[in-house]
S.K.: 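The following block contains the structure, expressed as structure tokens.
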Amino acid sequence: MTYTIHLIAAARPNFMKIAPLYHALKKEAWAAPKIIHTGQHYDINMSDVFFQDLGLPEPDLHLGIGGGSHAEQAGQVMMAYEKILLETQPDMVIVVGDVNATMACTIAATKITYSGKPSQPSRRRPIVAHLEAGLRSFDRTMPEEINRIVTDSLADILWTPSPDGDKHLLREGVSNEKIERVGNIMIDSLETLRSRIESLDVYKEYKLSDKGYSLVTLHRPSNVDNPEALGALCRLLVKLSAKSPIVFPVHPRTKNNLESQGLMPLLKNQPGIMLLEPQSYARFMNLTFHCKMAITDSGGLQEETSYLGIPCFTLRPNTERPVTITQGTNRLCTIENLETEIDNVLTNGIPVRRPIDLWDGNTAARVVTSIRSCFEI
Ligand code: UD1
């Protein structure tokens with residue numbers, strides 16, 4: 001018997017999370033993994049280049065739901081995915097991360113009723129599993145926090161990356177049987193592509209030296225949608241670039257806002273700041289491997305730098321990934337204290353770092369084992 005398993009991907013950080021699982025499931029005779037791309041990220045360099053880098057085939061289905069308000073994105077994904085669910089009747093739906101489609105597909109899949117599945121008459125809807133469950137920033141002004149809470153409260157299986165995830169879910173009343181700690185799937189992608197990443201010399205293309213520059217990424221609405229915050233951040237980057245060069249691949253949300261706020265020339269005219277288009281996975285990771293430090297508000301980069309032992313300064317008041325602070329190299333900063341924090345770390349070094357349990361490149365294998373036991377294979 002083959003089990004149809006939908007892997008939902010919508011936005012850039014999702015592609016690195018579904019890729020290891022897709023490849024692992026493809027090797028199993030009992031599994032028929034299908035990639036469903038909802039379309040939230042649609043630019044070639046936000047989506048297609050990731051599929052190429054990660055060795056993913058064209059999505060089996062593309063819903064074509066692009067930008068829009070949160071309700072528009074979520075509503076349209078639910079409507080489109082509900083039809084797909086009824087037509088294809090998957091046995092399992094796997095959602096990853098915390099983007100709008102993660103929540104929308106979870107709602108659609110947990111509320112669906114199949115009209116009758118001949119192979120599995122007792123199964124009236126797919127099993128819904130969330131990979132990267134249990135993360136909490138406790139900041140409900142973040143759209144991702146709402147997506148996490150809704151997804152985790154509905155999903156049948158909750159695969160967590162770290163002990164804090166288990167703890168949060170248990171505190172929210174999730175039963176222990178639903179929770180399984182599997183580790184961090186992003187590290188699987190990194191380790192699988194390590195030799196390719198290391199073979200690139202992206203930083204040299206920009207005439208940078210190894211460990212001689214800072215890597216900046218910023219796209220959180222709290223940092224880039226507020227003109228005052230964005231202006232202050234730009235002036236801070238200009239100041240920091242006088243000490244050490246900055247490489248800044250600019251996310252579309254940030255680019256739009258820099259342009260509409262008239263801030264683009266301020267950054268473009270600085271000799272120490274290199275503004276790049278969004279980079280492919282392997283190119284971006286090469287820039288990460290060789291940077292002196294990262295300054296970011298991304299969730300994934302907090303994890304990757306912690307794993308690699310590279311100092312990371314996160315421009316946010318909180319993180320849903322606290323293990324990157326307690327065991328990794330991450331520090332939460334404000335616009336006001338970033339420069340001092342950087343100087344502290346460069347002078348005194350990062351406090352002792354401990355490897356994070358199950359961040360080892362074998363998460364996809366553990367997820368496959370979990371799916372096997374779920375289908376009693
Ligand atoms: C989304 C996720 C966020 C994730 C981030 C990674 C939610 C709530 N947010 O935020 O968790 O960290 O992706 O990148 O799901 N745009 C383009 N081209 C694209 C994609 C987007 O021009 O390929 C534009 C959109 O039209 C929109 C803006 O960029 O104007 C923001 O995109 P959106 O998908 O709303 O959210 P992100 O900020 O990317």
Side-chain angles (χ1 to χ4, degrees), residues 8-18 37-52 59 62-78 81 95-107 130-133 135-137 139-152 185-186 189 215-226 229-230 233 248-261 264 276-281 284-285 294 296-304 312 314-316 318-321 324:
I8 309 291
R12 191 169 60 177
N14 296 158
F15 308 137
M16 294 81 98
K17 293 172 193 165
I18 63 154
H37 191 329
T38 69
Q40 182 173 342
H41 285 177
Y42 44 82
D43 285 352
I44 289 174
N45 59 11
M46 294 292 283
S47 177
D48 299 25
V49 292
F50 283 79
F51 273 70
Q52 286 157 22
H62 201 298
L63 307 188
I65 314 293
S69 71
H70 290 279
E72 280 166 352
Q73 276 189 352
Q76 288 182 41
V77 168
M78 282 168 66
Y81 189 50
V95 295
V96 299
D98 55 17
V99 302
N100 287 331
T102 309
M103 173 189 75
C105 290
T106 301
I107 296 176
H130 183 204
L131 180 55
E132 202 183 83
L135 299 189
R136 295 289 180 270
S137 65
D139 175 0
R140 291 199 182 193
T141 64
M142 280 184 86
E144 294 82 1
E145 183 75 353
I146 306 293
N147 294 339
R148 292 180 202 117
I149 292 168
V150 174
T151 303
D152 286 343
I185 194 83
M186 301 268 282
S189 276
L215 179 62
V216 172
T217 80
L218 295 167
H219 75 280
R220 292 275 158 219
S222 56
N223 281 327
V224 306
D225 285 4
N226 171 338
L230 188 58
L233 272 171
F248 183 3
V250 186
H251 185 283
R253 172 187 286 277
T254 312
K255 183 173 178 227
N256 292 343
N257 292 342
L258 287 171
E259 277 166 356
S260 64
Q261 298 304 322
M264 201 55 111
L276 311 184
E277 290 293 314
Q279 298 290 298
S280 72
Y281 177 72
F284 183 77
M285 287 318 301
T296 192
D297 55 14
S298 144
L301 194 52
Q302 294 172 50
E303 299 180 331
E304 287 151 345
C312 180
T314 298
L315 279 161
R316 282 179 46 190
N318 48 54
T319 178
E320 61 288 335
R321 293 159 162 95
T324 60

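Order of appearance sets the numbers: ligands from 1, and atoms from 1 within every ligand. Values reported hereafter were calculated over all heavy atoms of this structure, with side chains retained and with hydrogens, waters and symmetry mates removed. Residue numbers start at 1 and run along the sequence shown. This structure is a prediction, so every number in the text was calculated from the model and none was measured.
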S.K.: Could you verify whether a donor N or O on one side chain and an acceptor N or O on the other, from Ser47 and His37, lie under 3.5 Å apart?
M.R.: yes
S.K.: Using a strict cut-off of 4.0 Å, indicate which atoms of ligand 1 neighbour a heavy atom of Pro13.
M.R.: 6 (C)
S.K.: Among all protein heavy atoms, pick out the one at the shortest distance from atom 21 (C) of ligand 1; state its residue, atom name and that distance to 0.1 Å.
M.R.: His41 CD2, 3.8 Å
S.K.: Pairing donors with acceptors under 3.5 angstrom, does anything connect the side chains of Ser280 and Gln52?
M.R.: no
S.K.: For Asn147 and Asp98, indicate whether the former's side chain and the latter's backbone hold a donor-acceptor pair under 3.5 Å.
M.R.: yes
S.K.: Is there at least one protein heavy-atom neighbour under 4.0 Å from atom 25 (C) of ligand 1?
M.R.: yes
S.K.: In terms of residue, atom name and distance, what is the protein heavy atom nearest to atom 17 (C) of ligand 1?
M.R.: Tyr42 OH, 3.2 Å
S.K.: Using a strict cut-off of 4.0 Å, indicate which atoms of ligand 1 neighbour a heavy atom of Gln73.
M.R.: 34 (O), 35 (O)
S.K.: If you count the atoms of ligand 1 from 1 in the order shown, which ones are under 4.0 Å from a heavy atom of Asn256?
M.R.: 30 (O)
S.K.: Going from CZ on Arg220 to CE on Met142, what distance comes out if it is rounded to the nearest 0.5 angstrom?
M.R.: 4.0 Å
S.K.: What are the atoms of ligand 1, with element, lying closer than 4.0 Å to any heavy atom of His70?
M.R.: 8 (C)
S.K.: Closest non-hydrogen protein atom to atom 36 (O) of ligand 1, residue and atom name please, with distance?
M.R.: Arg253 NH2, 3.6 Å
S.K.: Give the atoms of ligand 1, by number and element, whose distance to some non-hydrogen atom of Arg220 is under 4.0 Å.
M.R.: 11 (O), 12 (O)
S.K.: Taking the inter-plane angle between the rings of His251 and His219 on a 0 to 90° scale, is it parallel (under 30°), tilted (30 to 60°) or perpendicular (over 60°)?
M.R.: parallel
S.K.: Asn100 side chain to Gln73 main-chain N or O, any donor-acceptor pair under 3.5 Å?
M.R.: no
S.K.: Let me see the working for Tyr81 and Thr38 under side chain to side chain contact (heavy atoms under 4.5 Å, CB included), right down to the final yes or no.
M.R.: CA-CA 8 Å; Tyr81 189 50; Thr38 69; over 6 Å; no
S.K.: At the 4.0 Å heavy-atom cut-off, does Lys255 count as touching ligand 1?
M.R.: no
S.K.: Nearest to atom 2 (C) of ligand 1, what protein heavy atom do you find, and at what distance?
M.R.: Val99 CG1, 3.7 Å
S.K.: Who's the nearest protein heavy-atom neighbour of atom 1 (C) of ligand 1, and how far?
M.R.: Gln40 NE2, 3.7 Å
S.K.: For the CE atom of Met78 and the SG atom of Cys105, what is their distance to the nearest 0.5 Å?
M.R.: 9.5 Å
S.K.: Quick check: does any side chain N or O of Gln302 sit under 3.5 Å from a backbone N or O of Ser298, one acting as donor and the other as acceptor?
M.R.: yes
S.K.: Going through the distances and angles, do Ile107 and Val150 end up as a side chain to side chain contact (heavy atoms under 4.5 Å, CB included)?
M.R.: CA-CA 8 Å; Ile107 296 176; Val150 174; 4.1 Å; yes
S.K.: Run the numbers for me: atoms of ligand 1, each under 4.0 Å from some heavy atom of Asp98, listed by number.
M.R.: 11 (O)
S.K.: For the backbone of Ala11 and the side chain of Asn14, can you confirm whether one donor and one acceptor N or O come within less than 3.5 Å of each other?
M.R.: yes
S.K.: Nearest protein heavy atom to atom 5 (C) of ligand 1, by residue and atom, and its distance?
M.R.: His219 NE2, 3.5 Å
S.K.: What protein heavy atom is closest to atom 8 (C) of ligand 1, reported as residue, atom name and distance in Å?
M.R.: Asn100 OD1, 3.3 Å
S.K.: Give yes or no for whether the N/O distance cutoff of 3.5 Å, strictly under, is met between Asp43 and ligand 1.
M.R.: yes
S.K.: Quick one: does His251 get an N or O within less than 3.5 Å of an N or O on ligand 1?
M.R.: yes
S.K.: Name the closest protein heavy atom to atom 3 (C) of ligand 1, giving the residue it belongs to and the distance to 0.1 Å.
M.R.: Glu144 OE2, 3.2 Å
